[in-house]
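Scroll down for the structure; my scribbles are underneath it.
We number each residue from 1, following the sequence as shown.
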Amino acid sequence: MAPLPFVLTIFAASVAAGLLGSLLGLGGGIIVVPTLTLLLGIDLKFATGASIVSVIATSSGAAAAYVRDRITNMRVGMFLEVATTSGALVGAFLVGIVEPRFLYLLFALMLGWSAVNMVGRRRVEIPEPASPDRFSRRLSLAGSYYDAALERQVQYRAGAIPFGFGISFIAGLVSGLLGIGGGVLKVVAMETGMRLPLKVSTATSNFMIGVTAAASAGVYFARGQINPLIAAPVALGVLTGATLGARVMTRIRSRTLRFIFVPVLLYTALQMLGRGLGVYIP
């Protein structure tokens, strides 16, 4: 493929990745990596390096807007980031010891259960505030934001703090062991377990994944896995899509976000199941 069409194709796919990533609190790798490897025939190591760049760009583009609009709960994000980082470090030490296939299957089951749970909550716009416990009171894990779609201020309080912390640890563990993003599990932990509004969960996840990706980007750069010809249009495209997604998310209902999120959960679960069973699923 000629250089200009090549770069434009990467840019277009990256815009879609940034839009989806900012809406759902995920890295853009779920779109960027298959597009680069399957459609353009790029080596997986360079696609993975570009995926890390896309995560940072998604977080940079969306997180700033969500923090400005007071949707991101930074206290929750930093608290859960302790668990995620700890899990990632443990996962890095366990590489080569734990059987990856078992983890892929476990991850697939968790995502499948999460998808079913979200379908059951498809009509829920704002969850009922969780009962305060000693953790949420001591850490002040509560907040509010203005929901433009509902045209009102939304008050919320985090609950089931140990559960959310544990799931975030598992998200980091899986990320460190398998080299995949844990954003999807973080959103599930906050929305389903801690009963935070879905918009708060996705906005906070955007903030968190940027911290995690920035820590690992240097490793990919040192390995020579970040090709500027690929990474530059990915970064620009994802940043454009993430900025657009941040504007869209504040104006749509949480039920619409769930409608988008469930297929992504199922697709990711199917991919993990395929890897666990040794079957390739693009």
Side-chain angles (χ1 to χ4, degrees), residues 22-26 62-63 66-67 69-84 87 107 109-174 182-209 249-250 252-266 268-269:
S22 66
L23 282 175
L24 304 182
L26 312 175
Y66 293 147
V67 169
D69 295 336
R70 300 182 181 273
I71 302 177
T72 301
N73 191 311
M74 298 185 70
R75 294 184 71 89
V76 171
M78 295 307 297
F79 173 69
L80 295 183
E81 195 64 42
V82 172
T84 303
F107 196 42
L109 289 175
M110 291 179 64
L111 293 179
W113 171 82
S114 301
V116 171
N117 188 280
M118 277 201 170
V119 169
R121 292 160 51 84
R122 64 187 180 278
R123 299 185 186 279
V124 177
E125 185 63 35
I126 302 295
E128 291 293 325
S131 300
D133 57 25
R134 59 177 180 172
F135 296 105
S136 61
R137 284 194 295 263
R138 180 167 294 183
L139 298 172
S140 301
L141 300 182
S144 66
Y145 70 98
Y146 179 76
D147 194 311
L150 301 178
E151 298 182 343
R152 67 180 177 90
Q153 196 76 12
V154 175
Q155 305 282 340
Y156 63 88
R157 182 189 306 110
I161 309 302
F163 175 81
F165 194 86
I167 295 297
S168 296
F169 179 85
I170 293 174
L173 182 69
V174 169
V184 63
L185 272 183
K186 295 173 187 175
V187 175
V188 168
M190 288 183 277
E191 202 268 345
T192 303
M194 300 172 70
R195 294 177 65 180
L196 295 177
L198 184 56
K199 291 185 179 182
V200 174
S201 301
T202 58
T204 304
S205 177
N206 269 296
F207 168 72
M208 294 171 66
I209 61 176
M249 198 268 271
T250 58
I252 62 177
R253 291 180 174 269
S254 295
R255 284 177 286 183
T256 305
L257 282 179
R258 284 195 185 89
F259 181 77
I260 302 171
F261 198 83
V262 168
V264 173
L265 275 178
L266 291 175
T268 309

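- Without hydrogens or angle criteria, T202 side chain to L198 main chain gives a donor-acceptor distance under 3.5 Å.
- In this structure, D147 and A149 approach most closely via the heavy-atom pair OD1-N, 2.9 Å.
- With a 4.5 Å cut-off on side-chain heavy atoms, V154 and K199 do not count as touching.
- Every side chain to side chain contact (heavy atoms under 4.5 Å, CB included) that M78 has, sequence neighbours left out, goes to F207.
- A 4.5 Å side-chain heavy-atom check between V200 and V76 finds every atom pair outside the cut-off.
- Among residues two or more places apart in sequence or in another chain, the ring-ring contact (aromatic ring centres under 6.0 Å, His included) test is passed with F165 by F79.
- L141 has its side chain within reach of I161: a pair of non-hydrogen atoms, C-beta onward, lies under 4.5 Å apart.
- How far CZ of F163 is from CZ of R195: 12.5 Å, rounded to the nearest 0.5 Å.
- Within a 6.0 Å sphere centred on OH of Y146, other residues, nucleotides and ligands contribute more than 12 heavy atoms.
- The neighbour count for E151 CD, taken as heavy atoms of other residues, nucleotides or ligands under 6.0 Å away, does not exceed 12.
- Applying the side chain to side chain contact (heavy atoms under 4.5 Å, CB included) test to V262 and every residue at least two apart in sequence or in another chain returns A115, M118, V119, L266.
- Taking CG of D69 as the reference point, atom CE of M249 lies at 8.5 Å (rounded to 0.5 Å).
- Taking CZ of R75 as the reference point, atom CG of L80 lies at 12.5 Å (rounded to 0.5 Å).
- The distance from the OG1 atom of T204 to the CD1 atom of I71 is 9.5 Å, given to the nearest 0.5 Å.
- The line from CZ of R152 to OH of Y145 is 8.0 Å long, rounded to the nearest 0.5 Å.
- Among all heavy-atom pairs drawn from S144 and Y156, the shortest one is N-CE2, 3.6 Å.
- In this structure, the separation between NZ on K186 and OG on S201 is 13.0 Å, given to the nearest 0.5 Å.
- Shown here for G164 and A189, the closest heavy-atom pair between the two residues is O-CB, 4.2 Å.
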